[in-house]
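Notes follow the structure.
Letters A, B, ... are given to chains in the order of the sequence lines, protein chains preceding strands, and every chain is numbered from 1.
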Number of protein chains: 2
Amino acid sequence: MSNGKITVRRVAELAGVSPATVSRVSRGSTHVDPVLRERVLRVIEEHGYKPSHFGRALAERRHGALGLVFPGLSGPYFAELIQGFEVQALETGDSVLVLASHSRDDTDATVIDLAGRVDGMAIHGGTVSDAALEKLCGMVRVVVMAGDTGPAHASVRVDNSSMRGLTRHLLVDHGYRRLAFVGNPDGSTDVTVRWEAFLAAHKTARRKPPKEPVRVGLQQSDGVIAAKQLLDGDEPPEAVVCANDETALGVMIGAMGRGLKVPDDIAITGFDDMPMASLVNPDLTTVRQPVRELATTTARLLADRSPDPAGAVLLPTEIVLRGSCGCRDGGGG
Amino acid sequence: MSNGKITVRRVAELAGVSPATVSRVSRGSTHVDPVLRERVLRVIEEHGYKPSHFGRALAERRHGALGLVFPGLSGPYFAELIQGFEVQALETGDSVLVLASHSRDDTDATVIDLAGRVDGMAIHGGTVSDAALEKLCGMVRVVVMAGDTGPAHASVRVDNSSMRGLTRHLLVDHGYRRLAFVGNPDGSTDVTVRWEAFLAAHKTARRKPPKEPVRVGLQQSDGVIAAKQLLDGDEPPEAVVCANDETALGVMIGAMGRGLKVPDDIAITGFDDMPMASLVNPDLTTVRQPVRELATTTARLLADRSPDPAGAVLLPTEIVLRGSCGCRDGGGG
DNA sequence: TTGTAGGCGTTATCAA
DNA sequence: TTGATAACGCCTACAA
């Protein structure tokens with residue numbers, strides 16, 4: 001078997017044409033004599049010629065790769081994010097370079113370095129300092145996902161204001177008194193905005209919000225930890241509003257582990273509408289957000305070759321009322 | 001601000017030296033006159049010169065990148081895998097290209113293409129056909145993680161045989177009669193081996209195993225689905241052995257949602273020992289596997305420049321007995 | 001339509 | 001130690 005050392009020149013030689021012609025054929029250029037094309041194609045096939053990314057990248061000054069930077073969290077949200085992004089990138093022939101272990105306090109050097117190896121970068125809200133972001137923008141096209149555009153070229157995010165309606169629902173429709181919020185507003189832009197919407201709903205309803213959110217991460221285990229803090233305290237809340245479904249599930253597990261009934265003893269809501277939300281008992285009241293679209297839109301913006309990408313895209317969300325807020329009294333294991 | 005168009009030649013010019021010297025300095029080569037080095041460094045600093053990955057890659061014939069291929073699953077396991085891999089890769093200055101949306105029935109073309117953009121690839125067991133794997137091996141160094149070496153250059157996996165001891169524990173120490181297995185042996189090498197170990201333990205104990213596993217995926221929602229199938233049937237099992245912690249949690253949620261008590265009414269075990277395992281009530285009996293080490297070892301093997309990497313690395317695992325199998329009767333919410 | 005020649009930015013080789 | 005010079009593999013004017 002021929003090893004990968006076969007080059008344009010060699011193919012040209014074997015096919016009795018010039019390297020230029022091979023290049024044209026290999027990239028499906030028009031304007032090539034069918035006979036020659038056929039001859040070249042056969043040699044390519046026969047010897048398994050693959051244009052070198054090295055040479056191509058250098059000549060075209062294009063990496064054919066997109067970067068994806070986010071805080072290394074587990075869970076359905078990020079899995080969906082990666083996959084959506086990747087599928088879209090593949091669509092345009094781009095590869096995906098990920099930086100999943102990046103937290104804001106890391107040195108920015110890593111992400112700057114990444115910028116030198118890609119044609120565009122997607123930065124998840126809250127993972128990179130504004131200073132670094134600005135530097136990045138001077139190097140490649142940058143799209144912020146789930147965050148403010150800031151110095152970036154564009155941004156794509158979901159409409160977190162649904163959290164306001166959801167909170168109002170709890171406050172007004174159900175008449176719950178003491179609400180708690182689980183999630184760290186400093187952790188990500190999404191949580192910041194959701195916490196603000198939570199506060200705003202209280203204000204509109206002329207009700208006093210909790211002084212502080214329960215500052216934990218976004219994983220299921222964080223929800224369990226929050227439940228411990230919330231339910232073992234003096235005044236447990238009547239309803240717990242969680243920054244995402246995972247923590248909501250965690251809180252629910254914690255509550256049930258204490259023998260509490262949801263929603264009778266305590267109401268719980270999430271955000272995302274991931275698969276588990278409709279599978280638990282009671283099923284989870286939440287806000288549905290189009291995670292996949294968030295990812296694909298971002299990738300599309302990045303791959304777009306037009307001079308300037310759209311400014312800020314806002315994706316719609318939808319409140320999904322189910323059992324865990326008390327809207328149905330079926331189930332309640 | 002100077003745009004990124006500054007090259008070696010330009011720096012050389014500005015510093016009054018040759019491009020070769022700039023190259024030597026930029027790469028920290030020894031044998032450079034301190035005076036010149038200083039002069040060059042200042043110019044580099046001043047103009048923000050960054051060696052182009054294009055040029056460097058072509059000249060060194062080295063991408064400076066590693067590929068990571070796995071089935072796009074969510075959950076702590078894969079999150080840990082990515083991060084561990086990435087951290088180790090960063091250690092050697094490599095970037096990480098991921099292919100997370102690859103399922104076995106995809107065209108192999110995608111993964112073959114990836115091979116042309118990296119110096120080495122980590123393939124998660126059960127994601128690529130043997131034919132494709134063989135082809136890949138002719139292009140780059142390939143290490144299989146959590147799977148058989150096969151045609152690959154090396155493999156790293158964990159010792160799944162602990163599943164045998166765990167099953168024996170359920171069968172003999174606890175004396176459970178009917179056990180069920182949740183997980184699809186065809187889905188991944190790990191599950192294949194765990195199912196086989198489950199069967200082997202039955203054989204050794206001279207007990208009849210279930211005819212079939214409950215063939216579901218590895219996510220929490222799959223566990224809920226399995227619970228439905230298992231618990232709503234005629235003869236619910238006395239103990240459910242799950243292929244991983246996530247599905248175990250799902251089964252537990254399903255069981256509790258039906259008002260069943262764990263482990264009194266039904267025992268449940270997992271595999272992984274992820275954070276949630278010790279947080280639920282009752283806490284989860286499981287097998288601890290070193291996921292991070294799995295990832296870092298793989299990355300290290302890939303980055304290793306020595307002629308041939310080690311053959312097959314086997315990482316140890318450890319049975320962790322907790323409440324969900326019936327070993328402690330505290331808790332049991 | 002095809003071929004020739006030069007350039008993309010860096011590193012490697014070999015004299016000096 | 002330093003500096004010309006030649007790859008590295010491909011693409012793309014430009015000329016034929």
Taking every heavy atom of A/Leu90 against every heavy atom of A/Asp94, the minimum-distance pair comes out as CD1-O, 3.5 Å
On the nucleotide D/dG3, are OP1 or OP2 found under 4.0 Å from the side-chain N or O atoms that B/Ser18 carries?
yes
Whole-Å distance between D/dC10 P and A/Glu60 CD?
12 Å
Could you tell me if B/Gln219 and B/Ser74 have a donor-acceptor pair between their side chains, going purely by distance under 3.5 Å?
yes
Could you state the atom-to-atom distance from NZ of A/Lys50 to P of D/dC11 in whole Å?
13 Å
Take atom CG of B/Leu58 and atom P of C/dC8, then tell me their distance rounded to the nearest Å.
13 Å
I need the CZ-P distance between A/Arg10 and D/dC10, as an integer number of Å.
13 Å
Could you state the atom-to-atom distance from NE2 of B/His63 to C1' of C/dT11 in whole Å?
16 Å
Rounded to the nearest Å, what distance is computed from the NE2 atom of residue A/His31 to the C1' atom of nucleotide C/dG3?
17 Å
Between D/dG9, C/dG9, C/dT11, which one does the side chain of B/Arg9 approach most closely?
C/dG9
First of B/Leu36 and A/His53 reached from the 5' end of DNA chain D, by closest nucleotide
B/Leu36
Which heavy atom in B/Leu97 sits nearest to a heavy atom in B/Arg117, and how many Å separate them?
CD1-O, 3.7 Å
Closest listed nucleotide, where the reference is the side chain of B/Arg56 and the choices are D/dC8, C/dT10, C/dG3
C/dT10
Among C/dG3, C/dT10, D/dC10, which nucleotide has an atom closest to any side-chain atom of A/Arg24?
C/dG3
From CZ of B/Arg117 over to C1' of D/dG9, roughly how many Å is that when rounded to an integer?
16 Å
By nearest atom, which of the nucleotides C/dT11, D/dG9, D/dC11 is closest to the A/Arg27 side chain?
D/dC11
In whole Å, what is the span from the CZ atom of B/Phe54 to the C1' atom of D/dC11?
13 Å
Between B/Val140 and B/Met121, what is the shortest heavy-atom contact and its length?
CG2-CG, 3.7 Å
A/Ala20 side chain: which of D/dG9, C/dT4, C/dG9 is closest?
C/dT4
Using heavy atoms to find the nearest nucleotide of DNA chain C for A/Thr21 and B/Pro51 separately, return the residue whose nucleotide is more 5′.
A/Thr21
For B/Ala312 and B/Thr149, work out which heavy atoms get closest and say how close.
CB-OG1, 4.0 Å
